[in-house]
Amino acid sequence: ALFVMAACSPASDGSAKSMEMLTQYPNAGICSSRSDWIDEFGNELPFPVEEPLISSSPCYVSPEKALTLFIERGNWIEPNTIFWRLKAIRESDAFTRGSKNYVDAFALALIPLVYGACYIPEPLARVRMHGKQLSRSFREDPKVWNELVKPMENLMDTTFADKFPPSLCN
């Protein structure tokens, strides 16, 4: 297999669109899109940030542009929408054990900085938001969050310091 899909509820043509973008841009390590947000009962929730996130049309984001976007806008990648290029995963060593429980977030930061990324500015997946999500506990307790990201920050400062300049990590 050339691609691996994130665990998500894809739209009917979401997989095809993402794979088409990755085929069109063979250097891209991932393809990201938008998500619809719903509550535990299936009711639509407003998207939490101003649109467009980075582009109003599908595009390839070079590693240099990815760095600029991370610095200027923060994270613009929605993990549940990701299609991963296996070659990028294997070559980058992004799924290193050193990042511990936050391995996917570390990979989602590293791979666009090495290979670039495709972006589709339409919802191709759905996120169900509810009070029992594990990620909610991280947002509500800074100590838990800090322990979670500490191994990832260590990798950014050491092994992968050439990909994560201080302007990105501060």
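Closest non-hydrogen pair, Ala109 versus Phe164, comes out as CB-CE2, 3.9 Å. Considering all non-hydrogen atoms of both residues, Ala107 and Pro112 come closest at O-CD, 4.0 Å. Scanning both residues, Thr158 and Asn154, for their nearest heavy atoms gives OG1-O, 2.7 Å. Heavy-atom minimum distance, Phe70 versus Leu113: CD1-CD2, 3.8 Å. Across all non-hydrogen atoms, the minimal contact from Cys118 to Ala28 is SG-CB, 3.6 Å. When every heavy atom of Ser55 is checked against every heavy atom of Cys59, the shortest pair comes out as CB-SG, 3.7 Å.
Annotation: side chain of Pro58 is in contact with side chain of Met21 (closest heavy-atom distance under 4.5 Å). Side-chain contact between Arg34 and Ile120: absent, with no pair of heavy atoms (C-beta onward) separated by less than 4.5 Å. The closest side-chain heavy-atom distance from Leu108 to Trp84 is below 4.5 Å.
Annotation: the span from Met152 atom CE to Met156 atom CE amounts to 4.0 Å, rounded to 0.5 Å. Here CG of Leu22 is found 5.0 Å from CZ of Arg85. Values are rounded to the nearest 0.5 Å. Atom CG of Leu45 sits about 10.0 Å away from atom CG of Asp36, to the nearest 0.5 Å. In this structure, CD on Glu72 lies 9.5 Å from CG on Leu67, to the nearest 0.5 angstrom. Here Cys31 contributes atom SG and Leu124 contributes atom CG; the two are 8.0 Å apart, rounded to the nearest 0.5 Å. Here the straight-line distance linking atom CD1 of Ile77 with atom CG of Asn80 works out to 12.0 Å at 0.5 Å rounding.
Cluster annotation: Ile71 is connected to Leu69 through the hydrophobic network of ILVMFWY side chains, with a link wherever side-chain heavy atoms come within less than 4.5 Å.
Taking the six-membered ring for Trp and thresholds of 30 and 60 degrees, Tyr60 and Tyr25 have nearly parallel ring planes, at less than 30 degrees apart.
Residues passing the ring pair (Phe, Tyr, Trp, His ring centres under 6.0 Å) test with Tyr115, sequence neighbours excluded: none. Listed by chain and number, the residues in a side-chain hydrogen bond (donor to acceptor under 3.5 Å, both in side chains) with Asn43 are Asp39 (sequence neighbours excluded).
Side chain of Thr81 to main chain of Glu78: a donor-acceptor pair is present (N/O by atom type, distance under 3.5 Å, no hydrogens or angles). Side chain of Ser35 to backbone of Trp37: no donor-acceptor contact under 3.5 angstrom is found.
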